[in-house]
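Report on the following structure.
Only a predicted model underlies this, so the values are computations on that prediction, with no experimental measurement involved. All ligand and atom numbering here is 1-based and tracks the order in the structure.
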Amino acid sequence: MKKRWIALLLATILLTACAKGAGQSESVIPTEKIEGSTLYVKKVENLPDDFIMGMDASSVIAEEQSGVKYYNFAGEEQDVMKTLAENGITHIRVRVWNHPYDAEGHGYGGGNCDTEKAIEIGKRATRYGMKLIVDFHYSDFWADPGKQMVPLAWKDMDARTKADALYEFTRDALTEMKDAGVAVGMVQLGNETNSSLCGESHFENIARLMNAGSKAVREVCPDALVAVHIANPERVGAYDGYANKLELFGVDYDVFASSYYPFWHGTLENLANVLNGIAENYGKKVMVMETSYPYTPDDTDFSGNTISGETANIVKDYPFTVQGQANHVRNVIDTVAHVKNGIGVVYWEGTWITVGTESWEENHEKWETFGSGWASSYGGSYDPEDAGKWYGGCAVDNQAMFDAEGKPLESLRVWNLARYGNEVEKKADAIRDTALVFDLKGTIELPETVDAVLTSNELQPVPVTWNVTDADIAQMYAGGAKTYEITGTAEGLPARATVSMVNFNYLKNFGFEDGVLDPWQTEDRGGADQLYVEDKITDSLNGTYHMHFWSAKKDSIDFSLFQEVKDLPEGTYSFTISIMGGDAGDAEIFCYALVDGVEVGRTPMKITSYGNWDTQTVEGIKVAAGQTVTVGVSVKCSGAGSGAWGKIDDALLNRQD
Ligand code: CA
């Protein structure tokens, strides 16, 4: 009896600490609309009161140690946790690495995020009424879909022993947080654990580890939600497959959380579909655990960024402006709020800004000393392949919600304004880039209007003035096939266009941008599982469409893709086409040309790996009047791994004489 009574008392204390936080706490999260903002925000309808508005602020301590100061909207220096809460943030997320230090105690970087730092951040978050989301990576450094390295101290353990260690680590860390008065709202069983966790890739072992973590959370913080977090919602069937395995292996969790980086992770519509599927089929709560968007294309810390103005082949749904960033956040909130069991959105590292604006050398010293860059050189002792080679500063400073001086961006207001709406007068926020293509033998006519992206993210044509002289135009006619970049001004904003001068292309739908196959044809000799025109900008050489192929069964990739052209002027032509792919196995790939059905040339091609396009040409195709030319590519692969796959794009049939 007595024992039970003590257990009950203990549970009550634990419950109180985990849910409310035992320290002094006074919520500064506004319960009304913040007035006076210039940000355009369309109201998210039917947003639940308890919707999680989260901010990952893992590197804040390392930033402050590096001398970074954060300010409020009044321009006063203030605890950044308070500023976040004052603008509607309800949860702070922190990653926890087991031991991100080398044998001499040098931090690996990325904030040197350990339990101690999580507690300090957690206490400050709790003070202002926010709850903590604890993101255990169960690694000594970054864990993501590409790597899930085991902590050094657990290196030689088998899965069962590792599960015991993981249980104890989780229990002890959460107990320390609880003892410090931190209000823990949610705990993650690993970070982006798509393919493995803590060095284990068999799902039985992954499940064993997850359940060990879950058990610790249930014991120490029974009111906290337990989350599983993976990435890549755009991969067909991936989320359902993962949730199915979690169910099959009996993993005890509450929330299925997703990363959503719009540059790579598909559309919001697709995100809603896959999350709805998880909620419907498995009864779980769902959320976006990481998302972010650039407020500027520019780097601010002398260490290159993941996404910049120059980044090619990514989806840019909004301009890289403060308003664009806010529109992205608003629309992710709107999407998750309208998914079944959708409980929240967390922004990733919105407080990770530059540690200095003077020089790389000065910043480098701080990154090394305080761990405020993504990795220090010391990280190489644990992760030689990545940190060891590429250590440096922050790669997302242009996606923060504070500027390089630590002043909050107007976009930070979006967390509050999404609840109420702030539909101020729309105006032009940026000018959309224009891509122009002209025949070298034709006429260059620059457009008189360009599309302005309004603050509401709608498009509106506006007049433009191009900074182009007659001499520039003459150079474009004379310079051969080449692409130029020109600039201009519209609505007082900078405008940009690329001008591609091209030889006339006698092929139709040459880059598949019509979104259909026609007038291309296929001859599918092997019966491929997938052979179609695909809409995916990240996999296209140019534009957003390309021809896609994949097939699992051996030798089932064996097809030709070709186009017939009649009524060509008599002359000599060249045919060029590009291909990329992988897992080809033994392969015979070539581009070819037929004249009246007789082959007149072929050039071998090869596929090696993702993103490595092979561009080849068949030259000297002589055509007389009335003849029919057929140009195409023939692909035959035995296949390896999960099957040969590839992409074909940008075909050209040009005059050579
Ligand atoms: Ca940077």
Between [X] and [Y] (salt bridge meaning N to carboxylate O under 4.0 Å), is one present in this structure?
X	Y	value
D383	K147	yes
E192	R95	no
K366	E63	no

For this session: Take S139 and Y382 through the side chain to side chain donor-acceptor pair (under 3.5 Å) test and state the conclusion after the steps.
Result: CA-CA 10 Å; S139 184; Y382 179 67; 3.1 Å; yes

Exercise. With respect to T291, which candidate in H328, Q399, H265 satisfies the side chain to side chain donor-acceptor pair (under 3.5 Å) definition?
Worked result: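 Only match with T291 under side chain to side chain donor-acceptor pair (under 3.5 Å): H328.
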
For this session: Test the K42-Y40 pair against the cation-pi criterion, namely NZ or CZ under 6.0 angstrom from the six-membered ring centroid and within 45° of the ring axis.
Result: no

Problem set entry | Under 3.0 Å from the Ca ion (ligand 1), the protein N, O or S atoms, given as residue and atom | D299 OD1, D301 OD1, S303 O, N305 OD1, C394 O, D397 OD1

